[in-house]
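All chains are named by letter (A, B, ...) in the order of the sequence lines, taking the proteins before the strands, and each is independently numbered beginning at 1.
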2 protein chains.
Amino acid sequence: MHANIMAFGLDRAVEGTSSADFELMEAGQVCIIDDDEGVRASLSSLLRASGYTVQTCRAPEQFRAEDLGAMPSCLVLDVQMPGESGLDFQERLCASGFAVPVIFITGHGDIPMTVRGMRAGAVDFLPKPFTENDLLEAVGRALDVDRERLRREAIVNDLQSRHDALTPREKEVMALVITGLMNKQVAGHLDLSEITVKIHRGNVMRKMGAQSLADLVRMAESLGIRDTSIHRFGPKGG
Amino acid sequence: MHANIMAFGLDRAVEGTSSADFELMEAGQVCIIDDDEGVRASLSSLLRASGYTVQTCRAPEQFRAEDLGAMPSCLVLDVQMPGESGLDFQERLCASGFAVPVIFITGHGDIPMTVRGMRAGAVDFLPKPFTENDLLEAVGRALDVDRERLRREAIVNDLQSRHDALTPREKEVMALVITGLMNKQVAGHLDLSEITVKIHRGNVMRKMGAQSLADLVRMAESLGIRDTSIHRFGPKGG
DNA sequence: AACGCCCCCAAACCACCGTATGATGTTGAG
DNA sequence: CTCAACATCATACGGTGGTTTGGGGGCGTT
């Protein structure tokens with residue numbers, strides 16, 4: 001059974017990966033945060049046997065987000081711990097913009113606790129005792145979620161770095177262009193000549209790597225760029 | 001306390017509403033589905049006193065989605081019922097595309113049940129006994145969610161109806177135009193002359209109410225229109 | 001001082017967009 | 001049959017997009 005799961009995990013890992021770094025690449029990374037050493041040891045052993053890279057922490061304070069690299073990762077988090085609770089910790093992580101998927105485990109959980117955890121975006125909430133399969137399924141789901149997250153993040157990071165490379169003026173021009181304004185209108189807003197706008201616009205297209213205005217608009221959507229001026233669909237407002 | 005909550009509920013209703021239809025407009029509509037008549041009666045009375053319109057059902061089978069009109073609505077759903085369970089019912093609703101927010105109530109709930117419900121998108125999961133305030137807060141949140149849902153749905157429906165009004169050819173042209181292709185390229189794909197594409201394109205812009213290509217691209221995004229041919233950002237692939 | 005980067009502008013040029021105007025043919029509903 | 005809607009295409013014209021060439025000035029670093 002472990003063998004099956006392991007094969008499954010490796011299968012998925014290979015899907016999105018070149019075979020060159022096969023040996024270094026694993027199904028994913030799991031960080032276990034639990035104050036009970038026995039729990040840490042047994043879960044760690046189970047997950048390692050399934051092909052995952054495992055880290056353990058005795059308390060949330062020990063966890064360093066940097067430890068999780070580019071590999072798809074998830075947290076297995078005990079709810080009841082001395083010091084900061086698992087729920088508080090997750091919400092703190094989330095608030096700080098670190099959106100790694102979380103699986104809660106707990107010995108004395110109740111429904112409101114579960115609601116709070118799930119509402120905060122937890123992938124699963126496992127009351128003890130749970131089976132090995134319960135955990136492995138949850139971890140598999142969590143890593144799927146994280147793979148998707150990393151995929152999107154990589155795309156957005158790429159776009160963001162290109163956008164950061166734009167000069168201030170180019171960003172201004174882009175912001176207006178993607179609202180659908182014509183060059184002469186952009187020129188009016190920025191008190192420039194039309195030819196200057198054309199030059200900035202050309203630079204924007206080249207630096208952002210957009211093949212067309214449609215491309216640029218979609219990039220801006222991905223980056224969440226919205227003009228301050230209100231923008232409506234449709235002509236009904238007449 | 002009821003008075004306070006009632007005032008709160010009405011306050012929220014007024015926020016997004018003109019005062020003209022104040023008497024007809026309510027804070028929202030709640031449908032209670034529970035096999036226990038006593039529960040239905042007491043919850044119904046509580047919610048009505050808070051200014052909500054209430055409907056009750058003895059079983060999921062009795063519920064008609066059509067009963068909930070344009071008003072922001074939510075379901076208060078008992079998990080354990082003879083016949084179809086609340087969880088099954090919610091998943092069936094969700095699968096059928098009817099995404100009204102759900103609040104579960106249950107006398108004998110456990111954590112896996114809660115996980116299943118929350119994962120399926122429930123707004124809250126209330127184990128009995130719960131306080132009046134618990135329910136009213138959950139209902140308030142659920143109706144907020146539904147208000148947002150209705151808002152988005154209205155926009156997309158509007159766009160969809162315009163897109164439906166396009167002729168087949170116009171839809172084809174639009175699908176290619178929003179990928180960033182030039183008129184002559186569209187003409188090539190559809191084996192048309194460029195002038196014909198221009199005409200279709202003009203019709204698309206007029207019928208969709210798009211003031212610019214950027215508008216049209218965003219509309220297509222909202223409608224989930226994606227070309228079959230693969231489309232990438234960036235020039236790195238070279 | 002020299003260099004690179006940013007910002008601005010003009011003239012010229014070409015490709016592209018968009019909209020008439022006018023025309024032909026098909027098809028389905030009344 | 002008539003009419004409306006759909007679809008197709010040509011010519012022509014004006015506006016727009018985009019680049020090149022060439023020029024000016026500012027600002028900070030080396």
Participant: Axis-to-axis angle across the helix from C:dA1-D:dT30 to C:dG30-D:dC1, five pairs an end, to 10 degrees?
Facilitator: 30°
Participant: Kindly say if B:R201 contacts the phosphate of C:dG18, meaning a side-chain N or O under 4.0 Å from OP1 or OP2.
Facilitator: yes
Participant: Pairs in or reaching into residues 165-183 of chain A: which pass salt bridge (charged side-chain N to carboxylate O under 4.0 Å, His left out), with residues at least two apart or in two chains?
Facilitator: A:R169-A:E172, A:E170-A:K207
Participant: Between P on C:dC9 and NE2 on A:H200, what's the gap in Å once rounded to a whole number?
Facilitator: 8 Å
Participant: Does a nitrogen or oxygen in the side chain of A:S193 sit under 4.0 Å from OP1 or OP2 of C:dC8?
Facilitator: no
Participant: Tell me the interatomic distance from B:I195, atom CD1, to C:dA20, atom C1', rounded to whole angstroms.
Facilitator: 9 Å
Participant: Quick check: do A:N203 and A:T167 have side-chain heavy atoms less than 4.5 Å from each other?
Facilitator: no
Participant: Report the distance from atom CD1 of B:I199 to atom P of C:dG22, rounded to the nearest whole Å.
Facilitator: 14 Å
Participant: Take a 6.0 Å sphere around CZ of B:R58 and say whether it holds more than 12 heavy atoms from other residues, nucleotides or ligands.
Facilitator: no
Participant: Only pairs at least two apart or in different chains count here, so list each salt bridge (charged side-chain N to carboxylate O under 4.0 Å, His left out) that has a residue in residues 182-194 of chain A.
Facilitator: none
Participant: For A:H189, does the NE2 atom sit with more than 12 other heavy atoms under 6.0 Å from it, leaving out its own atoms?
Facilitator: no
Participant: Check every nucleotide of DNA chain D for an atom under 4.0 Å from a heavy-atom of chain B, then give the first and the last such nucleotide from 5' to 3'.
Facilitator: D:dC6 to D:dT11
Participant: Respond yes when some side-chain nitrogen or oxygen of B:K184 is under 4.0 Å from OP1 or OP2 of C:dC16, and no when none is.
Facilitator: yes
Participant: Are more than 12 heavy atoms, taken from residues, nucleotides or ligands other than B:R152, located less than 6.0 Å from that residue's CZ atom?
Facilitator: no
Participant: Going by the salt bridge (charged side-chain N to carboxylate O under 4.0 Å, His left out) test, which pairs reach into residues 87-98 of chain A, not counting sequence neighbours?
Facilitator: A:E84-A:R92, A:D88-A:R116, A:E91-A:R116
Participant: Considering just the side-chain nitrogens and oxygens of A:T167, establish if one lies under 4.0 Å of OP1 or OP2 belonging to C:dC5.
Facilitator: no
Participant: Between B:G202 and A:L190, name the one whose nearest nucleotide on DNA chain C is closer to the 5' end.
Facilitator: A:L190
Participant: Would you mind telling me which residue lines up with the more 5' stretch of DNA chain C, A:D191 or A:K207, judged by nearest nucleotide?
Facilitator: A:K207
Participant: Expressed as a whole number of angstroms, how long is the span from A:K198:NZ to C:dA10:P?
Facilitator: 12 Å
Participant: Considering heavy-atom distances to DNA chain D, does B:L192 or A:L213 have its closest nucleotide positioned more toward the 5' end?
Facilitator: B:L192
Participant: Please report the distance, rounded to the nearest Å, between CD in A:E194 and P in C:dA10.
Facilitator: 11 Å
Participant: Between B:D144 and B:R147, is the closest basic N to carboxylate O distance under 4.0 Å?
Facilitator: yes
Participant: List in chain and number order the residues that pass side-chain contact (heavy atoms from CB on, under 4.5 Å) with B:T196, two or more places apart in sequence or in another chain; answer none if no residue qualifies.
Facilitator: B:L192, B:S193, B:H200
